[in-house]
Amino acid sequence: MVRYLLNWLGLGTLVGILSGSASALFLALLSIVTDFRDAHLWLLALLPVAGFGIGYVYHHYGANSVKGNNLLLEELYQSQNPIPLRMTPLVLLGTIFTHLFGGSAGREGTAVQMGGSLADQLTKWFSLDAESRRIILICGVAGGFASVFGTPLAGAVFSLEWMLNRRFQAQSLFPAFWTAFVAHWVCEWGWGIGHTSYAIPEVASHTLTNLLWIIPAGMAFGLAARLFAETGHLLGNAFKKNIAYPPLRPVVGGVMVAIFVYFTGAYTYIGLGVPRIMEAFETPLPWYDFLAKTGLTGLTLGSGFKGGEVTPLFFTGATLGNALSSWIPLPLALLAGCGFVGVFSGATNTPLACTVMGMELFGYEPGIFLGLSCLVAYIFSGRGSIYTAQLVGWKRFLP
């Protein structure tokens with residue numbers, strides 16, 4: 001036991017420092033390019049050019065890095081090949097250019113891939129066995145997720161729930177939590193990188209009637225999660241089927257995104273969309289916001305641009321919850337918060353992690369509403385997942 005603790009204190013600290021520092025650099029660069037793009041919206045016209053550059057580099061130099069998060073899952077389930085170190089700079093720069101030129105994408109995928117890629121290098125440096133390698137990959141995911149969102153508890157739970165679906169192992173607990181906290185401390189305190197703050201100012205009383213109203217809301221969040229996942233997969237498959245040369249796929253996708261945004265003036269939906277997420281907690285928004293973000297993110301990522309899906313899922317859920325406040329007699333911000341984590345839960349099959357994340361972000365008072373929303377959304381999302389390689393447990397029996 002002492003040897004186990006000392007071993008994972010050391011390895012977890014190393015992974016935490018690496019993943020936390022990578023996330024800090026990524027978040028700092030992302031803030032810079034987002035501000036620059038918002039001040040120069042004409043950059044959207046160059047999105048197809050950026051897409052060709054990203055597609056060309058990944059096609060000729062990316063090897064299996066192009067699989068993204070699915071590569072981490074595949075290596076966890078059946079270890080075959082080391083995760084290449086090149087994944088870190090490729091996904092970092094690919095995501096930065098995607099955001100600079102107006103693609104609709106997130107940041108979780110980038111942080112998780114960087115964390116997993118950097119962590120797996122320790123497998124070679126310390127000659128880790130297969131079981132230790134699985135744990136080190138979990139640590140990398142935990143560190144990347146925790147540091148990019150400022151949610152260490154959720155980062156640890158997400159890595160365990162997402163990567164060990166049906167194969168939970170107790171020896172992964174301590175390394176995952178320790179790494180998540182180290183990465184969070186390194187990013188926020190060591191490098192001084194802050195995170196977005198959200199709030200639910202009014203929480204409904206915990207009556208049976210109010211709790212029952214979360215059920216139809218959770219059903220809607222689950223269906224939205226499935227729509228989000230299947231839109232991405234459908235568009236991704238369509239691009240692969242109809243465009244043989246991979247670097248041309250993001251060119252076509254970039255043209256489609258740029259034309260849509262230019263002629264509709266839908267600049268709200270490019271990039272992360274954090275300002276709109278904040279608005280969803282404060283004032284009524286157009287009901288179609290969640291559909292627009294789903295479609296643009298599907299086009300962006302499905303055609304080959306880089307970035308994560310989680311922040312777009314936050315956007316989709318928060319704006320859908322905002323829209324539902326017109327029919328469901330619960331506070332607007334509460335429904336936005338429930339959608340924020342509920343759609344995420346349904347699209348990633350991680351209801352426990354999303355509940356924990358909701359309480360880290362919004363406080364413990366709305367916890368029962370958040371947890372119920374995540375559970376119902378998880379059930380009603382069916383077998384859908386934004387990660388094609390993810391094991392979905394009992395949900396494999398669903399349509």
Side-chain angles (χ1 to χ4, degrees), residues 22 25-62 65-66 68 86-111 113-114 148 231-232 234-236 238-240 242-277 289 291-312 315-316:
L25 173 62
F26 171 52
L27 290 174
L29 291 174
L30 188 56
S31 178
I32 293 171
V33 300
T34 297
D35 290 341
F36 188 81
R37 182 202 66 225
D38 290 345
H40 305 84
L41 291 176
W42 58 265
L43 286 169
L44 183 66
L46 299 179
L47 184 62
V49 179
F52 181 79
I54 294 169
Y56 184 88
V57 170
Y58 263 86
H59 180 60
H60 290 282
Y61 306 104
S65 296
V66 72
R86 75 184 75 177
M87 174 181 270
T88 293
L90 284 177
V91 73
L92 172 64
L93 294 175
T95 304
I96 290 300
F97 279 102
T98 295
H99 282 276
L100 175 62
F101 294 100
S104 174
R107 53 195 170 185
E108 151 273 340
T110 304
Q113 288 172 49
M114 290 193 301
V148 82
T231 297
L234 178 66
L235 290 172
F239 277 106
K240 291 176 184 177
N242 295 292
I243 303 176
Y245 186 50
L248 287 181
R249 296 169 191 162
V251 174
V252 176
V255 169
M256 295 172 71
V257 170
I259 289 176
F260 176 82
V261 173
Y262 178 78
F263 284 103
T264 63
Y267 294 97
T268 297
Y269 309 116
I270 65 176
L272 291 172
V274 171
R276 195 61 153 193
I277 297 174
D289 272 4
L291 291 174
K293 189 64 172 177
T294 295
L296 281 180
T297 303
L299 271 176
T300 299
L301 299 181
S303 63
F305 286 93
K306 298 303 168 184
E309 297 97 340
V310 171
T311 303
F315 186 114
T316 299

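Numbers for residues simply follow the sequence, beginning at 1.
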- [ ] Report yes if the side chains of L47 and V261 come closer than 4.5 Å at any heavy-atom pair, otherwise no.
- [x] no

Task: Side chains of T311 and I277 in contact at under 4.5 Å (non-hydrogen atoms) - done: yes

Task: Spacing of T95 atom OG1 and L90 atom CG [to the nearest 0.5 Å] - done: 10.0 Å

- [ ] Answer yes or no: does atom CZ of F97 have more than 12 heavy-atom neighbours from other residues, nucleotides or ligands under 6.0 Å?
- [x] no

Task: Heavy-atom side-chain contact between V33 and F101 under 4.5 Å - done: no

Task: CG-NE2 distance between L248 and H59, expressed to the nearest 0.5 angstrom - done: 10.0 Å

Open item on the list: Nearest 0.5 Å, please: how far is CD1 in I270 from NZ in K293?
Closed with: 8.5 Å

Open item on the list: Can a side-chain donor-acceptor contact be found between K306 and T110 if the only test is distance below 3.5 angstrom?
Closed with: no

- [ ] Taking the side chain as every heavy atom from C-beta outward, state whether F315 and T294 have any pair of such atoms under 4.5 Å apart.
- [x] no

- [ ] Ignoring hydrogens and angles, tell me if any N or O in the side chain of T316 forms a donor-acceptor pair with the backbone of P312 under 3.5 Å.
- [x] yes

- [ ] Can you measure from CG (L291) to CG (L296) and round to the nearest 0.5 angstrom?
- [x] 11.0 Å

Task: side chain to side chain donor-acceptor pair (under 3.5 Å) between D289 and Y269, worked out - done: CA-CA 8 Å; D289 272 4; Y269 309 116; 2.4 Å; yes

Open item on the list: Tell me whether Y267 at atom OH has more than 12 heavy atoms from other residues, nucleotides or ligands lying less than 6.0 Å away.
Closed with: yes

TODO: For residues L30 and L272, determine if any side-chain heavy atom of one lies less than 4.5 Å from a side-chain heavy atom of the other.
DONE: yes

- [ ] Measure up the Y245 and F52 rings against each other and bin them: parallel (under 30°), tilted (30 to 60°), perpendicular (over 60°).
- [x] tilted

Task: Backbone of H99 reached by a side-chain donor or acceptor of R37 within 3.5 Å - done: yes

Open item on the list: Rounded at 0.5 Å granularity, tell me how far CD in E108 sits from CD in Q113.
Closed with: 8.0 Å

